[in-house]
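Worksheet: one structure, shown below.
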Protein chains: 2
Amino acid sequence: MATIYEVAALAGVSPATVSRVFNGARVSEGKARAVRDAAEQLRFVPNRTARTLRRQNSEVIALVIPDIENPFFTSLARGVEDRAQAAGYSVVLCNTDEDPAKESTYLDIAISENMAGVVLAPASDHSDLHRLIERNRPIVAIDRGTSFEIDGVMTDNRAAGHSATSALAAAGHRRIALITGPEGIETADERLRGWAQVVGADTAHDYVRRANYRVDGGRAAMTSLLEMPEPPDAVVAGNNLMGVGALQVLTGAGRMPPEFGVAVIGDLPFTTLRPTAITRVQLPARQMGVTAATMLIERIGGDTQPARTVVLRNTLVPATPGVRAL
Amino acid sequence: MATIYEVAALAGVSPATVSRVFNGARVSEGKARAVRDAAEQLRFVPNRTARTLRRQNSEVIALVIPDIENPFFTSLARGVEDRAQAAGYSVVLCNTDEDPAKESTYLDIAISENMAGVVLAPASDHSDLHRLIERNRPIVAIDRGTSFEIDGVMTDNRAAGHSATSALAAAGHRRIALITGPEGIETADERLRGWAQVVGADTAHDYVRRANYRVDGGRAAMTSLLEMPEPPDAVVAGNNLMGVGALQVLTGAGRMPPEFGVAVIGDLPFTTLRPTAITRVQLPARQMGVTAATMLIERIGGDTQPARTVVLRNTLVPATPGVRAL
DNA sequence: GTGAAAGCGCTAACAC
DNA sequence: GTGTTAGCGCTTTCAC
């Protein structure tokens, strides 16, 4: 492991000069070349740990998400990554599994590694960001809000629930159920409110199911809805994976769109169905990632304006009337 | 940012004692409690950067994969993560986009951050691991081999290609095409060889398509196959996402399984089709991750036995005769 | 433009 | 058991 001292010795300069060469400070052309040659020869790779310790901050951004197996979040991650990479940061991805304890561990790691900042999709509405905030670590909430005064990038979840439900109603469905995510997760609660506004029911209605935002949750919820004495004739799936689960159950039961209405909040990843048979509210996952990374990088750069929340637009794509899912 | 010095002062002990408390070394009960109280009070979080610099290695493992949006790799990542977490390591996920240059950057970061080790799914068969190896950083190849003498966790890709193709032949298909991945990627080349063994053709046959291992690649390849003068009557998709792409095109064209045979190497993520209509060679993605992490952790612990390659079993699940995809 | 030297926060000898 | 102290490799004043 060559160090700047060895490079300096070989190049006949001081360690400070080596450091300057690698940090773009002014160094005479001749010495600069000598340093570069020596570095090459010794296969010198600067030690980031030492630099980070000295500088008190690293060029690493933490992206903390609840489910790495959900394409919504991987797509979001791509957005963060692309933007961060372009600005010279690397991104480390941390998976919380919707578990506040794991989340807390990762946030402590971000602190103790002197990471430049954090993009966080909170696992709950009680995420504890005190430690980060009091240490002045920039942090941007994404997809879900927090109780702290920090930057955020969201979509209008209530509108998403509202427009998905409205589209089904407009297509003639009368008994529209909802499968939403766990209580206490902002996206789940807001989408539920949007649904309730349209159907004129309260949020504890018989046609509401809470599930875990994954495929198996969607399956279980859909199964239970179909077993009701008076089953619904349409369903809004509160996220992409539960949409997949619901569709699996429906196709298994031979209840396909468009007879049985299906609306999904999110994109249907990797589907082989004809997508135009299904109403979708497309969420700008990747763009959310890009936006969050951009805001974070501004903060890292010293921007001190008051906390901002950016709300990105969803896109309703209603099912094409009469199109069969297959 | 409290340091061990401040904690030491408050607790009335030396910095070394504080360090010992946080590293499980023997400290008298009274002082230990004093330290813990002081740390609590100051919201002390140990600085990992300093520890890493001093110790010359961190508790972070890098997992370097070519496509974070591919469920095969996220599933594998879950395996690595679970195992690593259990052993006290955190995992940072790096996405190379199948780009050797990006891969090289991430490997350099792993070195310069003194990371404990690397699990790498190589972007090409020319990945340069010299720098890692000469610095004694443990490294395990996963899914794809390298030209270096290092530990590896693979599946038998030739067998996968062979059994997928055989299953289609056994179901009566006579013109079996193959959509495989890019040249120079071991999994793609080996699956192709397995296919060739069964159909008795060479690997440059008309029915072979090379695509990019993503959905759009599968779509393009399948489209081109269907446009042939004498189109195939079955297809082997070389990975999960190309399987999705192929199925999208087939369902769009009304050529569903079982009339048109489809075999996929990998799992069909989030499908709404009846899976028993499709032949699958299931790959143990998660288990590969667990195994690789286990091997890596052994190496980090100082294990110096010769390089091992573990080959995990695939599972052929032939399509159930007569079952329609929908 | 360049070098000397201090110090980022921690750990691990080493002494007691 | 506990404290003292010397670095880990780098950046950054401060002189020159």
Side-chain angles (χ1 to χ4, degrees), chain A residues 1-36 38-39 42-60 108-116 131 135-137, chain B residues 1-36 38-39 42-60 88 108-116 135-137:
Chain A
M1 283 286 291
T3 71
I4 54 169
Y5 289 93
E6 302 168 44
V7 175
L10 183 57
V13 302
S14 76
T17 297
V18 177
S19 171
R20 290 184 184 111
V21 169
F22 280 92
N23 290 285
R26 249 190 307 286
V27 170
S28 73
E29 186 45 45
K31 299 205 173 187
R33 190 166 46 255
V35 167
R36 266 188 276 272
L42 297 171
R43 299 203 190 190
F44 170 70
V45 178
N47 183 318
R48 288 183 176 227
T49 304
R51 159 189 295 205
T52 300
L53 178 59
R54 177 60 226 239
R55 286 234 194 120
Q56 302 282 53
N57 73 65
S58 75
E59 284 91 48
V60 175
D108 270 356
I109 290 178
I111 292 171
S112 75
E113 297 268 10
N114 287 308
M115 290 188 189
R131 310 165 91 98
R135 284 175 170 77
N136 271 321
R137 288 293 147 188
Chain B
M1 284 287 291
T3 71
I4 53 170
Y5 289 94
E6 301 168 45
V7 175
L10 183 57
V13 300
S14 77
T17 296
V18 177
S19 171
R20 289 182 185 114
V21 170
F22 281 92
N23 289 286
R26 250 190 305 288
V27 171
S28 72
E29 185 45 47
K31 298 206 172 185
R33 191 166 45 256
V35 167
R36 267 187 275 273
L42 298 171
R43 299 201 190 195
F44 169 70
V45 178
N47 184 319
R48 288 182 177 230
T49 304
R51 159 189 296 202
T52 300
L53 178 60
R54 177 60 225 246
R55 286 231 196 123
Q56 302 282 55
N57 74 63
S58 74
E59 284 89 49
V60 175
D108 269 355
I109 289 178
I111 292 171
S112 75
E113 297 268 10
N114 288 308
M115 290 187 189
R135 284 174 170 78
N136 271 320
R137 289 292 147 188

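All heavy atoms count here, side chains included; hydrogens, waters and symmetry mates do not. Below, read A as the first sequence line, B as the second, and so on, with proteins coming before strands; counting in each chain starts at 1. All figures in this text were calculated on a predicted structure; none of them were measured in a lab.
B/Thr49 contributes no side-chain N or O that, together with a main-chain N or O of A/Leu53, makes up a donor-acceptor pair within less than 3.5 Å. Checking side-chain atoms of A/Arg131 against main-chain N and O of B/Arg43 turns up no donor-acceptor pair under 3.5 Å. Under a 3.5 Å cut-off, the side chain of B/Arg137 and the backbone N or O of B/Met115 do form a donor-acceptor pair.
At least one side-chain heavy atom of A/Asp108 sits less than 4.5 Å from a side-chain heavy atom of A/Ile111.
If you take CG on B/Asn57 and CZ on B/Arg51, they are separated by 10.0 Å, rounding to the nearest 0.5 Å. Atoms CZ and CZ, on A/Arg33 and A/Arg36 in that order, are 9.0 Å from each other to the nearest 0.5 Å.
Of all non-hydrogen atoms in A/Thr52 and A/Glu113, the two that sit nearest each other are CG2-O, 4.0 Å.
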Checklist entry - How does protein reach along nucleotides 9-16 of chain D, written 5' to 3' as B (base within reach of a heavy atom under 4.0 Å), S (only sugar-phosphate), or - (no contact)? => result BBBBB---

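Scanning DNA chain C 5' to 3' for nucleotides with an atom closer than 4.0 angstrom to a non-hydrogen atom of chain B gives a first and last hit of C/dG9 to C/dA13.
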